[in-house]
Participant: 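Before I ask anything, let me first share the structure, which is written out below as structure tokens.
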Amino acid sequence: MQLSPLEIIRRESLQKLRELGINPYPAEEFKTTAHINDILSNFDKYEGKEVVLAGRMMSRRIMGKASFAELKDASGRMQIYISRDEISSEEDPTMYNTVFKKLLDMGDIIGIRGDVFRTKVGEVSVNVKELTVLSKSLRPLPVVKTDADGKIHDAFADAEQRYRRRYVDLIVNDHVKETFIKRTKITNAMRNFFNERGYLEVETPILQPIPGGAAARPFMTHHNALDMPLYLRIANELYLKRLIVGGFDAVYEFAKDFRNEGMDRTHNPEFTVMELYVAYKDYNWMMNMTEELLEKVCTETNGTTEVLIGENKVSFKAPYARVPILEAIKIHTGFDVAGMKEDALRDVCKKVGIEVDETMGIGKMIDELFGEKCEHHYIQPTFITDYPKEMSPLTKEHRTNPDLTERFELMVNGKELANAYSELNDPIDQRERFEDQLKLSEKGDDEAMFIDQDFIRALEYGMPPTSGIGIGIDRLVMFMTNNASIQEVLFFPQMKPEKKAPSVELNDDEKALLKLIETKSPIALNDLKTESGLSNKKWDKCLKHLTKNNLAKVNNTDDGLFVEKV
RNA sequence: GACCUGGUAGCUCAGUUGGUAGAGCACCUCCCUUUUAAGGAGGUGGUCCUGGGUUCGAGCCCCAGCCCGGUCACCA
């Protein structure tokens with residue numbers, strides 16, 4: 001392994017700590033008595049009191065026999081003051097002069113015991129009396145500094161590095177941690193909301209023999225013992241509805257779903273959806289619940305019902321506008337497509353500049369029309385309702401119009417945040433809808449749904465009228481934290497594999513040159529160059545590559561330069 | 001997948017018709033007991049993304065590729 005000079009120094013320090021009898025990775029519990037944020041916000045309570053803290057040393061200012069350092073624990077950062085004669089003595093200054101000043105580095109995890117005080121310039125600090133090494137850091141951290149004006153210098157900002165090394169991102173970029181704390185607040189708020197109503201949180205299979213409940217391309221895997229294909233779920237809908245058949249009044253699940261589709265700043269191959277199903281309700285009830293839920297989530301995480309999303313100020317205060325999808329299309333394209341046949345609809349699509357092909361059915365085209373021409377207009381939370389039947393195979397037919405379904409999507413900031421319906425519970429209708437999907441699939445739509453026979457069997461036993469909803473959690477977190485990229489709200493977004501570390505692989509020219517060196521060693525450099533027959537540049541590169549990897553050596557002697565094998 | 005932009009020290013970035021690879025921070029050595037992004041002095045550190053090509057000479061020009069980002073396409 002190739003170590004940088006900075007890493008070599010740290011490894012040497014590690015060794016010296018051991019030689020001084022200090023275990024750089026001690027096993028014992030380190031009992032702390034306070035958290036940094038608590039000290040900072042309750043200084044009066046802590047002033048003059050002794051505290052024990054543990055955390056990572058984020059900066060160090062050494063000034064002779066005294067130093068200041070910044071300690072960061074899970075709650076925040078504060079300054080600590082370390083003087084030679086407190087943690088060691090004039091007679092034996094090892095702990096200060098050697099351990100603290102020489103062998104410790106930024107990024108090391110330490111424990112301190114000392115008194116809380118305020119410095120002359122007013123900074124709350126801890127006067128350290130005892131210092132314990134808890135974990136030596138062998139890699140240097142990026143040094144991010146914030147000046148008096150709050151301006152950040154040398155930010156660790158490269159998105160790729162930040163996502164690949166999220167642990168570093170979390171250490172040095174405090175605002176990143178805030179995003180993820182908020183994410184958990186959001187899901188906790190939702191759980192509390194549901195649990196207070198007696199809804200049951202459940203878990204259903206991720207590995208599914210039939211990937212149902214959504215139109216998407218699945219990931220496929222294989223079970224060896226059963227020798228059968230299995231799919232990673234694209235949705236959990238059909239399983240949750242089986243549980244409603246089984247007699248639960250309301251079940252919900254925070255589900256990781258997996259879709260084998262494109263990746264961009266709003267799509268990750270795995271993502272989180274909260275799905276909820278409530279018996280004896282319809283989609284009107286669900287709209288009311290959704291408004292109430294999101295208003296509460298927003299208030300609990302941001303302290304207000306208004307959030308800034310990019311340029312837009314968005315209010316999650318209930319109620320939200322409700323617009324039928326065909327109405328939306330009429331408003332934004334001027335075409336009334338209600339009741340249109342497939343051919344007529346295809347003409348409309350062409351007129352407004354949407355590319356269509358023969359595999360696209362009515363549902364797909366309406367979806368395109370809305371997605372292309374309408375979706376981005378809905379900045380404030382808006383329920384788009386009553387989708388055509390063809391694009392909603394799991395949804396109950398609309399009570400007043402058999403061409404439509406009782407379905408809504410919630411649009412926020414021009415994006416879909418939630419999808420819900422009065423669930424189809426007529427097993428015969430459901431079978432027909434699945435068969436229609438099969439026809440689409442035969443037409444070439446590779447996202448059309450499979451027929452789930454067991455799900456139909458479940459419906460045949462009878463499912464109460466039920467309303468269900470799926471809320472995209474990653475998207476919700478993006479909205480609530482004002483992040484434009486899904487990668488910012490996932491701890492570990494999917495990334496292409498890292499480039500392999502360069503291995504010592506020789507190309508043909510280098511192999512030939514090495515062979516020449518091995519047979520003629522030692523040989524005058526200029527003779528070797530002539531014999532190799534390589535161009536100037538190639539010669540230089542090849543020889544440097546060999547010497548760098550310690551396969552050949554150039555000796556500078558009184559008689560000139562000679563190349564030797566190693 | 002297409003196009004655009006970029007890839008230089010651990011981090012943030014300069015780099016002149018193509019002529020000895022730079023700065024700040026970090027790191028190392030020395031001096032300094034309550035400092036405020038950065039105290040002072042000196043020093044170490046580089047496959048300039050990779051591979052070809054042009055050239056006496058390439059971080060820079062040409063070709064091919066890789067990777068990040070962006071726009072579009074794909075994607076309820």
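Order of the sequence lines sets the chain letters (A, B, ...), proteins ahead of strands, with each chain counted from 1. Since the model is a prediction, treat every value here as computed from it, not as a measurement.
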Participant: Considering only nitrogen or oxygen atoms on both sides, find all protein atoms under 3.5 Å from nucleotides 2-6 of chain B and state each distance.
Facilitator:
none

Participant: Side chain to side chain donor-acceptor pair (under 3.5 Å) for A/Asp115 and A/Tyr81? Distances and angles first, verdict last.
Facilitator: CA-CA 10 Å; A/Asp115 298 336; A/Tyr81 171 78; over 6 Å; no
Participant: Applying a 4.0 Å non-hydrogen cut-off, can you work out what A/Thr146 is touching in the nucleic acid: base, sugar-phosphate, or nothing?
Facilitator: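 Contact class for A/Thr146: sugar-phosphate only.
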Participant: Measure from the side chain of A/Glu416, starting at C-beta and using heavy atoms only, and say which of B/U34, B/A76, B/C25 lies closest.
Facilitator: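 From the listed options, B/A76 comes nearest.
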Participant: Under 3.5 Å, which protein N or O atoms sit close to an N or O of nucleotides 39-46 of chain B? Give each pair with its distance.
Facilitator:
none

Participant: Under the side chain to side chain contact (heavy atoms under 4.5 Å, CB included) test, which residues partner A/Ala155, sequence neighbours left out?
Facilitator: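 Partners of A/Ala155 by the side chain to side chain contact (heavy atoms under 4.5 Å, CB included) criterion, ordered by chain and then number, come out as A/Ile152, A/Ala157.
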Participant: Look at all strands and tell whether A/Val121 reaches a base, only sugar-phosphate, or nothing, counting heavy atoms closer than 4.0 Å.
Facilitator: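 The answer is base, as A/Val121 lies within the cut-off (heavy atoms under 4.0 Å) of a base atom.
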Participant: If the condition is side chain to side chain contact (heavy atoms under 4.5 Å, CB included), which residues does A/Asn37 pass it with, not counting sequence neighbours?
Facilitator: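 Residues passing side chain to side chain contact (heavy atoms under 4.5 Å, CB included) with A/Asn37: A/Leu40, A/Ser75.
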Participant: Going by side chain to side chain contact (heavy atoms under 4.5 Å, CB included), name the residues that satisfy it together with A/Ile362, two or more places apart in sequence or in a different chain.
Facilitator: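 Here the qualifying residues are A/Glu342, A/Leu345, A/Ile366, A/Glu390.
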Participant: Without swapping roles, check the side chain of A/Arg433 against the backbone of A/Ser392 for a donor-acceptor pair under 3.5 Å.
Facilitator: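 Present.
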Participant: Let me spell it out: for each of A/Leu104 and A/Ser83, pick the nucleotide of RNA chain B with the closest heavy atom. Which residue's pick is nearer the 5' end?
Facilitator: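 Nearest-nucleotide comparison on RNA chain B picks A/Leu104.
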Participant: Regarding A/Phe370, tell me which of base, sugar-phosphate or nothing describes its non-hydrogen contacts under 4.0 Å with the strands shown.
Facilitator: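 Answer is nothing: A/Phe370 stays at 4.0 Å or more from every strand.
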Participant: Need the pair for B/G19. Rule: Watson-Crick or G-U wobble, both distances under 3.5 Å, any strand; none if unpaired.
Facilitator: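 B/G19 is paired, partner B/C56.
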Participant: Show every donor-acceptor pair shorter than 3.5 Å between a side-chain atom in residues 97-106 of chain A and any protein atom, with sequence neighbours excluded, or say none if there are none.
Facilitator:
from: A/Asp105; atom 1: OD2; to: A/Lys136; atom 2: NZ; distance (Å): 2.5

Participant: Given B/U29, B/A76, B/U36, identify the nucleotide with an atom nearest to the side chain of A/Thr119.
Facilitator: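 Of the candidates, B/U36 comes closest.
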Participant: Between B/G22 and B/C48, how far apart are the P atoms? Round to whole Å, please.
Facilitator: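 Between the two P atoms, the distance is 14 Å.
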Participant: Quick check: any donor-acceptor pair below 3.5 Å linking the side-chain of A/Asp154 to the base of B/G24?
Facilitator: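 Answer yes: a donor N or O sits under 3.5 Å from an acceptor.
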Participant: Do A/Glu237 and A/Tyr421 have side-chain atoms, one donor and one acceptor, less than 3.5 Å apart?
Facilitator: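 On atom types as modelled, these side chains qualify, holding a pair under 3.5 Å.
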Participant: Per the side chain to side chain donor-acceptor pair (under 3.5 Å) rule, what does the pair list look like for residues 118-127 of chain A, sequence neighbours excluded?
Facilitator: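 Checked against side chain to side chain donor-acceptor pair (under 3.5 Å) - neighbours excluded - the pairs reaching residues 118-127 of chain A are A/Gln79-A/Ser125.
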Participant: If you only use heavy atoms from C-beta on, which nucleotide in B/A37, B/A76, B/C28 is closest to the side chain of A/Arg407?
Facilitator: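 Of the options given, the side chain of A/Arg407 lies nearest B/A76.
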Participant: Relative to the 5' end of RNA chain B, which residue comes earlier, A/Gly122 or A/Glu368, by the nucleotide with the nearest heavy atom?
Facilitator: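 Upstream on the strand: A/Gly122.
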Participant: Does A/Lys65 put a side-chain nitrogen or oxygen below 4.0 Å from OP1 or OP2 of B/U33?
Facilitator: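 For B/U33, OP1/OP2 do have a side-chain N/O of A/Lys65 under 4.0 Å.
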Participant: Counting side-chain heavy atoms from C-beta on, which of B/C75, B/C27, B/U33 comes nearest to A/Ile9?
Facilitator: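 Of B/C75, B/C27, B/U33, B/C27 is nearest to the side chain of A/Ile9.
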Participant: Could you tell me which residues satisfy ring-ring contact (aromatic ring centres under 6.0 Å, His included) with A/His377, sequence neighbours excluded, listed by chain and number?
Facilitator: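 If we apply the ring-ring contact (aromatic ring centres under 6.0 Å, His included) test to A/His377, skipping adjacent residues, the hits are A/His332.
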Participant: Could I get the full list of salt bridge (Lys or Arg N to Asp or Glu O under 4.0 Å) partners for A/Lys330, not counting sequence neighbours?
Facilitator: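 If we apply the salt bridge (Lys or Arg N to Asp or Glu O under 4.0 Å) test to A/Lys330, skipping adjacent residues, the hits are A/Asp336.
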Participant: What nucleotide among B/U34, B/A26, B/U12 has an atom nearest to a side-chain atom of A/Asn127?
Facilitator: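 Of B/U34, B/A26, B/U12, B/U34 is nearest to the side chain of A/Asn127.
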Participant: Please list residues of residues 264-271 of chain A whose heavy atoms come under 4.0 Å from any atom in RNA chain B, ordered by number; otherwise none.
Facilitator: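 A/Asp264, A/Arg265, A/His267 - these, ordered by number, are the residues of the stretch whose heavy atoms sit under 4.0 Å from the strand.
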Participant: Base, sugar-phosphate alone, or nothing: which one does A/Glu409 contact when heavy atoms must sit under 4.0 Å apart?
Facilitator: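 Sugar-phosphate: the residue A/Glu409, judged by heavy atoms under 4.0 Å, touches backbone atoms but no base.
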Participant: Using the test salt bridge (Lys or Arg N to Asp or Glu O under 4.0 Å), find all partners of A/Glu397 that sit at least two apart in sequence or belong to another chain.
Facilitator: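 For A/Glu397, the residues satisfying salt bridge (Lys or Arg N to Asp or Glu O under 4.0 Å) (neighbours in sequence not counted) are A/Lys389.
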Participant: Given B/U34, B/A37, B/G69, which nucleotide is nearest the side-chain atoms of A/Lys145?
Facilitator: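 Between B/U34, B/A37, B/G69, the one nearest the side chain of A/Lys145 would be B/A37.
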Participant: Please tell me which of the listed nucleotides, B/U34, B/C28, B/A76, lies nearest to the side chain of A/Asp105?
Facilitator: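 Closest of the options to the side chain of A/Asp105: B/C28.
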Participant: Counting heavy atoms from C-beta on, name the nucleotide in B/A38, B/C11, B/U36 closest to the side chain of A/Glu123.
Facilitator: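 That would be B/U36.
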Participant: Taking B/U16 as the reference, what is the distance to B/G53 when you measure between their P atoms (whole Å, please)?
Facilitator: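 After rounding to an integer number of Å, I get 25 Å for this pair.
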Participant: Have a look at A/Gln487 and say if it touches a base, only the backbone sugar-phosphate, or nothing, with a 4.0 Å heavy-atom cut-off.
Facilitator: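 Sugar-phosphate, no base atom in range.
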Participant: Could you measure between the two C1' atoms, the one in B/C75 and the one in B/C11, and give it in whole Å?
Facilitator: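 To the nearest whole Å, 37 Å.
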Participant: Considering only atom C1', compute the distance from B/G39 to B/G24 and round it to an integer number of Å.
Facilitator: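 Looking at atom C1' only, B/G39 and B/G24 are 16 Å apart.
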Participant: Could you tell me the Watson-Crick or G-U partner of B/A41, where both distances fall under 3.5 Å? Say none if there is no partner.
Facilitator: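 Across all strands, the one nucleotide that pairs with B/A41 is B/U29.
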Participant: Return the set of residues passing salt bridge (Lys or Arg N to Asp or Glu O under 4.0 Å) with A/Glu435 (not counting sequence neighbours), or none when no residue passes.
Facilitator: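 Listed in chain order: nothing, the list is empty.
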Participant: Tell me which nucleotide among B/U33, B/A76, B/A38 gets nearest to the side chain of A/Ala66.
Facilitator: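 Ranking B/U33, B/A76, B/A38 by closest atom to the A/Ala66 side chain puts B/U33 first.
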Participant: Distance under 6.0 Å and angle within 45° of the ring axis: does A/Arg166 meet both against A/Phe492?
Facilitator: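 Geometry flag: not set, cation outside 6.0 Å or 45°.
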Participant: P atom, B/A23 versus B/U44: distance in rounded Å?
Facilitator: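 After rounding to an integer number of Å, I get 11 Å for this pair.
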